[in-house]
Asker: 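Input: one structure, supplied below.
The figures that follow rest on heavy atoms only: side chains count, while hydrogens, waters and symmetry mates do not. The model shown is predicted, which means the values in this text are computed figures rather than measured ones. Order of listing sets the numbers, starting from 1, for every ligand and every atom in it. The residues of the chain are indexed from 1 along the displayed sequence.
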Amino acid sequence: MASPVSSFLPAAILYLILLSAPATAQHDYHDALRKCILFFEGQRSGRLPPDQRLRWRRDSAIHDGATVGRDLSGGYYDAGDNIKFGFPMAFTTTLLSWSIIDFGRNMGPELGNALKAVKWGTDYLLKATAVPGVVFVQVGDPYSDHNCWERPEDMDTLRTVYKIDRSHPGSDVAGETAAALAAASIVFRSRDPSYSRLLLNRAVSVFEFADRHRGAYSGSLRKAVCPFYCDVNGYQDELLWGAAWLHKASRRREYREYIFRNEVVLRAGDTINEFGWDNKHAGINVLISKEVLMGRAEYFSSFRQNADEFICSILPGISHPQVQYSPGGLIFKAGGSNMQHVTSLSFLLLTYSNYLSHANRNVPCGGFSASPSMLRQLAKRQVDYILGDNPLRMSYMVGYGARYPLRIHHRASSLPSVQAHPARIGCKAGSRYFLSPNPNPNVLVGAVVGGPNVTDAFPDSRPFFQESEPTTYINAPLVGLLAYFSAHR
Ligand SMILES: *[C@@H]1O[C@H](CO)[C@@H](O)[C@H](O)[C@H]1NC(C)=O
């Protein structure tokens with residue numbers, strides 16, 4: 001039971017957090033946006049194209065899929081290792097697409113690069129879903145990979161291919177893949193209609209497979225995906241999430257009815273203050289609320305109530321055991337790589353504030369009412385913290401600002417480039433670079449790391465991977481946030 005909230009206290013604390021931001025020069029959000037997108041080029045797997053801007057990377061893993069007679073080259077490495085994990089890759093692609101759908105008009109000349117970042121993901125997801133009734137969900141044996149500190153270009157670890165199919169279901173990863181394909185079909189609808197149709201048709205069939213053959217991929221592929229990207233919270237949210245994106249992309253009545261019919265069964269109102277590669281609940285509620293707030297779907301009003309509750313649960317001052325704030329004002333949630341929560345929750349704060357503004361509505365939180373501009377300020381405060389307005393005066397985006405992480409947990413960045421050191425560096429020969437106190441030789445511009453701990457302290461040390469490792473799903477929602485703030489000061 002929530003205790004009755006005084007209308008004065010949360011507002012006072014909220015303003016304290018927002019106003020306690022250290023006064024600094026305005027950030028160059030456009031520069032940060034450019035870097036945030038460039039980061040994805042450093043994560044590319046496969047054959048690099050002629051217009052690759054990040055030049056110290058080379059082709060890698062070009063034979064992925066050969067062991068199963070498929071071309072599964074391409075796609076993204078998820079973080080500082082050389083595995084292609086399909087679940088977070090699909091989520092990254094969905095969030096990059098959502099960033100463009102809502103904020104592409106704010107991206108200026110960076111829009112083209114953002115589209116390429118999406119397409120690098122969807123081209124791979126199309127390969128991974130080319131066989132009906134099968135989704136290739138991972139390439140690379142994570143134990144073999146994690147046992148080595150190797151450049152992707154030198155990789156000689158096991159490139160085992162993992163798949164789900166009708167007898168080994170994975171509604172989580174398949175649902176997220178359908179969501180990514182559907183979201184990207186909106187991105188390309190007017191820009192490349194035939195590609196958009198291909199994406200949407202594939203999303204439809206992958207979703208049908210996900211829904212008809214229900215189960216969690218961590219049941220089917222436990223040894224390969226746990227504890228790395230183990231689906232802890234179940235596959236129900238990805239089914240709703242996939243249906244929500246298909247509804248948005250296709251406007252077909254069957255998806256509206258699916259959401260309506262399954263809202264309770266698939267627990268739309270559960271664990272509402274989470275949003276990440278595993279848990280889509282808050283995202284589902286915010287995404288569907290847009291329809292309600294635009295006056296197009298009154299029948300979905302319970303999603304709006306859930307979204308309101310989600311917002312209330314993450315505001316500072318309304319104490320909630322699952323969301324804290326560091327003394328410096330950063331959102332903090334338990335578990336590793338905190339910055340993924342910061343960027344994804346801030347993204348929802350911003351998108352929801354825009355939907356609310358259109359409808360001229362506030363969020364009622366007990367006796368206190370949160371305005372859209374308050375939500376936007378809170379999101380901006382988080383972005384500014386990332387860019388350097390924090391107790392350490394440290395930018396958590398590599399290559400942005402005067403001080404940023406120098407020893408990120410990232411194989412390609414921390415080992416000498418192929419150009420600098422053409423001879424191969426074997427599995428264990430890489431260890432001395434991992435353990436070196438020196439800065440990484442290759443600056444992975446735009447990478448945002450896991451970030452400081454709950455006391456705003458940051459070790460800047462490779463072995464502290466929870467703090468020093470970048471991931472694609474930290475950056476994907478940040479692309480939308482930076483686009484918005486570069487256009488609205
Ligand atoms: C945060 O990090 C600092 C420096 O690495 C360390 O001294 C401190 O114990 C950490 N605090 C928590 C709560 O983990």
Asker: Report the member of Ser461, Ala457, Pro452, Pro459 with the shortest heavy-atom distance to atom 3 (C) of ligand 1.
Answerer: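 It is Ala457 that holds the nearest heavy atom.
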
Asker: With side-chain contact (heavy atoms from CB on, under 4.5 Å) as the test, would you mind laying out the steps for Trp120 and Tyr76 before giving the verdict?
Answerer: CA-CA 8 Å; Trp120 196 267; Tyr76 289 114; 3.3 Å; yes

Asker: Give a yes or no on whether atom 14 (O) of ligand 1 lies under 4.0 Å from any heavy atom of the protein.
Answerer: yes

Asker: Quick one: does atom 11 (N) of ligand 1 have a protein heavy atom under 4.0 Å from it?
Answerer: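 Yes; the ligand atom in question has protein heavy-atom contact below 4.0 Å.
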
Asker: Can you confirm whether or not the ring centre of His146 sits under 6.0 Å from the ring centre of Phe228?
Answerer: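 That pair passes the under 6.0 Å test.
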
Asker: Do Glu153 and Arg58 meet the salt-bridge criterion of a basic N to acidic O distance under 4.0 Å?
Answerer: no

Asker: Inspect the contact between Glu238 and Lys280 and indicate whether a charged nitrogen and a carboxylate oxygen are less than 4.0 angstrom apart.
Answerer: yes

Asker: Report yes or no: do Thr94 and Glu176 form a side-chain donor-acceptor pair below 3.5 Å?
Answerer: yes

Asker: Please identify which atoms of ligand 1 are closer than 4.0 Å to at least one heavy atom of Thr455.
Answerer: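 Counting atoms of ligand 1 from 1, those under 4.0 Å from Thr455 are 1 (C), 11 (N).
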
Asker: What protein heavy atom sits nearest atom 2 (O) of ligand 1, and how far off is it?
Answerer: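 Of every protein heavy atom, Asn453 ND2, 2.3 Å lies nearest to atom 2 (O) of ligand 1.
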
